[in-house]
Amino acid sequence: RLVDTFIHDSFTRIEAITRGIEAADGPLVAGICHSLKGSSANLGATHLASLCAELEVSANNGLTDSVEILRRLEACFDRIRPALSAAFHN
């Protein structure tokens, strides 16, 4: 159940990050990234947490390279989602 909530919430957060970048709202993006970073780390998704931290820094510095970092974050999430589901449902 915990991993299902994480996956659902992560989808919602990544969508919100995308909208925040499109709106050039650095503080919003930074806040969402900070939250996602913590929940990712708590589940052991350390690479995802690292990308969230990188995007959080970008958001606090004018969203420099944010689109590229977001693409990497999305790709990472897509890769780990099945592994998390498998690990926590077995």
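Quick caveat: nothing in here was measured; it's all calculated off a predicted structure.
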Notebook entry, point to check: Could you state the interatomic distance from CD1 (I21) to CG (L70), rounded to the nearest 0.5 Å?
Noted result: 4.5 Å
Check: When you measure from the side chain of S50 to the backbone N and O of T46, does any donor-acceptor pair fall under 3.5 Å?
Finding: no
In a table with atom names and distances, give each donor-acceptor pair under 3.5 Å that connects a side chain of residues 36-45 to protein atoms at least two apart or in another chain.
unit_1, atom_1, unit_2, atom_2, d
K37, NZ, E56, OE1, 2.9
S39, OG, R13, NH1, 3.0
S39, OG, S35, O, 3.4
S39, OG, L36, O, 3.2
S40, OG, L36, O, 2.7
N42, ND2, G38, O, 3.3

Item checked: Nearest heavy atoms of A30 and A59, plus distance in Å -> N-CB, 3.6 Å
Note to self: Donor-acceptor check, side chain of S58 to backbone of T64, threshold 3.5 angstrom: yes or no?
What the structure shows: yes
Next item on the list: Provide the full list of side-chain hydrogen bond (donor to acceptor under 3.5 Å, both in side chains) pairs with a residue in residues 17-29, sequence neighbours left out, each pair given once.
Entry: none
Check: Which pair of non-hydrogen atoms, one from L73 and one from C52, has the smallest distance, and what is that distance?
Finding: CD1-SG, 3.7 Å
Next item on the list: Hey, could you give me the CD1/SG distance between I14 and C33, rounded to the nearest 0.5 Å?
Entry: 9.5 Å
Item checked: Within one Ile-Leu-Val-Met-Phe-Trp-Tyr cluster: V57 and V29, side-chain cutoff 4.5 Å -> no
Next item on the list: Not counting sequence neighbours, list each pair that qualifies as a salt bridge (Lys or Arg N to Asp or Glu O under 4.0 Å) and has a residue in residues 62-78.
Entry: E54-R72, E68-R72, D78-R81
Item checked: ring pair (Phe, Tyr, Trp, His ring centres under 6.0 Å) involving F77 - partner list, sequence neighbours excluded -> F11
Notebook entry, point to check: Just by modelled atom types, is the P82 backbone N or O under 3.5 Å from a matching donor or acceptor in the S85 side chain?
Noted result: no
Notebook entry, point to check: Tell me the ring pair (Phe, Tyr, Trp, His ring centres under 6.0 Å) pairs involving residues 40-68, sequence neighbours left out?
Noted result: none
Notebook entry, point to check: Is there side-chain contact between L55 and L51, with at least one heavy-atom pair below 4.5 Å?
Noted result: no
